[in-house]
A.B. asks: 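To start, I am sharing the structure in question, which I have written as structure tokens.
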Amino acid sequence: MTPSPVRKLLLILMLTASVVSTRAASVTSISPSSWWVNMPKQELLILINGKELFGAKVTVNYPGVSVISVTPSVKQEYLLLEISIAPNTTPGIVPIVVSDNKRGPQTVNLTLNVRQPYSSEPLTAADAIYDVMIDRFANGNTANDKPPYYLEAPDRTNPSGIHGGDLAGLIYRLDHIKNLGFTTLKLSPLAENNQFKLSYTGSASTNFYAMDSRIGTMTEYGTLKSQCKSNNIKIIQSYILHQAGGSTGVFFEKPYPSWLLPDYKNYDFTQSPIPVVDSHASINDVNTQLKLWRSSMTPLLNQEDKNLARYIVQSLIWWIENTQPDAIEIKSAWQNTPEFLEKVLTTLNETFPSLQVILDAPFKRENHLMAWISRYKQYKNILINDFPITNTIADAFSGFTIATEGCSNLYNTIASDILYPNASLNIVSADNLM
């Protein structure tokens, strides 16, 4: 039976309406999805992810919480929402309503928590640190080796692949670490690293507000933290703030192009921190070290972008507030811009006054290391990795070094401790030469 003209028109209208509805705004997730009341800073940036969000309206109806601004992205998958959380706002579930003219309002929730008292055990000269690459230590839960949507499959035959170590393995083997005489665990980065290769290192986060599922869960971290405390073992957490993972997530989709430095596709160069302290270095030498991507899949973050800088610093606060480590390490700290690193240290001092921060900068000479660290001497609780002594120890006991020469170099390096404000608190990685 042939449809009448009226039925044809109705059918066309129905199909058109169907197409339009699929293009209506929809929300998938927000990050961060939780925060705390009575933080030192009232403003919070929230990245909203979804579809067809350009032009969508965002409202919040919760006492003490108000919308400051909404910034659309060049793509329609993101909105950057800035809110204010007034002092003494009641903890609870804050509904964030996203709506447009094509679909009814959709609600995604921000959880506001009560801040827990922060207590950390400071590192001292008596501590022995066990530096753990989590993926390489012990596989306590084989069920999390290949979560859905992760790009790199486990392969223990590949020296650069995923081997399956996780928090469950650390918990199971904690007695082994304690019996070796170690008093502190330094963990490799915990944030999601969903990359095609080398993702075991944790050096290129694809989500700064989520734990890598192959490592474990926040619940497992809580168990590890509790057992470490019972065994008088401290925890240092590691973070990388200058680069991200470009295989999935926000920095793959590039919703705000200004958040990334340009990719000049020049990946073949030697990394060296020397130009950042060399008063004779050319701008080109400095930029080579600070502004060139290390690979096509590890974009460098543009820390001069104020929103990006706030988003990354917030993620650091989010991790520390959630996990309460005894100290943190900013890996490759020298690759952050000085202004950004100052912003990080200022925020940490305001939010966690007792937290120790280890700054990682692989200078081989004491004068270069002190020239670099002197910019941050006003910040309390700063510790440094003592790479000069680490490298000298390696050379002194090498089979290719004359014994008297090795001992002489070792003595000269130790004598240079006079340059440090408190050399006894320097972190010495005597057997870790990576």
A.B. asks: Can you establish whether the number of heavy atoms outside Tyr267 located under 6.0 Å from its atom OH is more than 12?
C.D. replies: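 Correct, the count exceeds 12.
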A.B. asks: Look only at the side chain of Ser226 and the backbone of Gly222, and say whether a donor-acceptor pair between them is shorter than 3.5 Å.
C.D. replies: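 A pair under 3.5 Å: no.
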A.B. asks: Main chain of Ile312, side chain of Ser315: is a donor-acceptor contact present, judged purely on distance under 3.5 Å?
C.D. replies: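 Side chain of Ser315 to backbone of Ile312: a pair is present.
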A.B. asks: Do Arg214 and Ser199 pair up side chain to side chain, a donor and an acceptor below 3.5 Å, judged on atom types alone?
C.D. replies: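 The criterion, which ignores hydrogens and geometry beyond distance, is satisfied for Ser199 and Arg214.
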A.B. asks: Is it the case that Asn113 and Glu321 place a side-chain donor and acceptor less than 3.5 Å from each other?
C.D. replies: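 Distance-only check fails for Asn113 and Glu321.
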A.B. asks: Quick one: sort the Tyr130 and Phe182 rings into parallel, tilted or perpendicular, breaks at 30° and 60°.
C.D. replies: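 Correct class here is perpendicular.
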A.B. asks: Closer than 3.5 angstrom, by distance alone: can the side chain of Gln289 be matched with the main-chain N or O of Ser272 as a donor-acceptor pair?
C.D. replies: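 Answer holds: yes.
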A.B. asks: Counting only N and O atoms by type, is there a donor-acceptor contact under 3.5 Å from the side chain of Gln303 to the main-chain atoms of Phe340?
C.D. replies: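 Pair absent, no side-chain N/O of Gln303 close to backbone of Phe340.
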A.B. asks: Any side-chain heavy-atom pair from Ser238 and Ser188 closer than 4.5 angstrom?
C.D. replies: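 In short, these two side chains do not touch, never coming nearer than 4.5 Å.
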A.B. asks: Using atom types as modelled and distance alone, determine if a side-chain donor or acceptor of Asn231 lies under 3.5 Å from a backbone N or O of Gln227.
C.D. replies: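 Checked: pair present.
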A.B. asks: Just checking, any donor-acceptor pair under 3.5 angstrom between side chains of Ser282 and Asp285?
C.D. replies: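 Asp285 and Ser282 do have a side-chain donor-acceptor pair below 3.5 Å.
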A.B. asks: Does the side chain of Tyr379 pick up a donor-acceptor pair with the side chain of Thr346 at under 3.5 Å?
C.D. replies: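 Their side chains do contain a donor-acceptor pair, which is all the 3.5 Å distance test asks for.
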A.B. asks: With a 6.0 Å cut-off on ring centres, are Trp334 and Phe363 close enough?
C.D. replies: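 Not close enough - the centres of the two rings lie 6.0 Å or further apart.
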A.B. asks: Assign the ring pair Phe251 / Phe208 to parallel, tilted or perpendicular, where the plane angle (0 to 90°) is split at 30° and 60°.
C.D. replies: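 Taking Phe208 first and then Phe251, their aromatic rings stand perpendicular (interplane angle over 60°).
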A.B. asks: Could you check whether the rings of Tyr118 and Phe352 sit parallel, tilted or perpendicular, using 30° and 60° as the cut-offs?
C.D. replies: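 If you compare the ring of Tyr118 with that of Phe352, the planes turn out tilted.
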A.B. asks: Can a donor-acceptor pair be found between the side chains of Tyr209 and Ser34 at a distance below 3.5 Å?
C.D. replies: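 Per modelled atom types, Tyr209 and Ser34 side chains form no pair under 3.5 Å.
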A.B. asks: Enter the distance from Lys186:NZ to Glu329:CD here, rounded to the nearest 0.5 Å.
C.D. replies: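 Between atom NZ of Lys186 and atom CD of Glu329 there are 3.5 Å.
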A.B. asks: Can you tell me if CD on Gln324 sees more than 12 non-hydrogen neighbours from other groups inside 6.0 Å?
C.D. replies: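 Buried by this count: over 12 neighbours within 6.0 Å.
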A.B. asks: Could you check Asp135, Asn141, Leu167, Asn144 and say which one makes a side chain to side chain contact (heavy atoms under 4.5 Å, CB included) with Ile215?
C.D. replies: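 Only one of Asp135, Asn141, Leu167, Asn144 forms a side chain to side chain contact (heavy atoms under 4.5 Å, CB included) with Ile215, namely Leu167.
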A.B. asks: Report yes or no: does Asp166 contribute a side-chain atom to a donor-acceptor pair with the main-chain N or O of Asn139 at less than 3.5 Å?
C.D. replies: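 No; zero donor-acceptor contacts below 3.5 Å.
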A.B. asks: Could you tell me whether a side-chain N or O of Lys75 sits under 3.5 Å from a main-chain N or O of Glu253, the two making a donor and an acceptor?
C.D. replies: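 Yes.
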A.B. asks: Taking Gln195 for the side chain and Gly246 for the main chain, is one N or O donor matched with an acceptor at less than 3.5 Å?
C.D. replies: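 Checking the backbone N and O of Gly246 against the side chain of Gln195, a donor-acceptor pair under 3.5 Å is found.
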A.B. asks: Is the side chain of Asn109 donor-acceptor paired with the backbone N or O of Ile93 at a distance under 3.5 Å, no angle test?
C.D. replies: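 No; judged by distance alone, with no hydrogens or angles, the pair does not exist.
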A.B. asks: Do Lys225 and Asp326 have side chains that get closer than 4.5 Å, going by heavy atoms?
C.D. replies: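 A side-chain contact exists here, since the closest heavy-atom pair is under 4.5 Å.
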A.B. asks: Determine whether Ser213 and Tyr150 make a side-chain contact, defined as any pair of heavy atoms from C-beta on separated by less than 4.5 Å.
C.D. replies: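 Yes, their side chains come closer than 4.5 Å.
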A.B. asks: Quick one: does any side-chain atom of Thr206 pair with a main-chain N or O of Asn194 as donor and acceptor, under 3.5 Å?
C.D. replies: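 Yes; at least one donor-acceptor contact below 3.5 Å.
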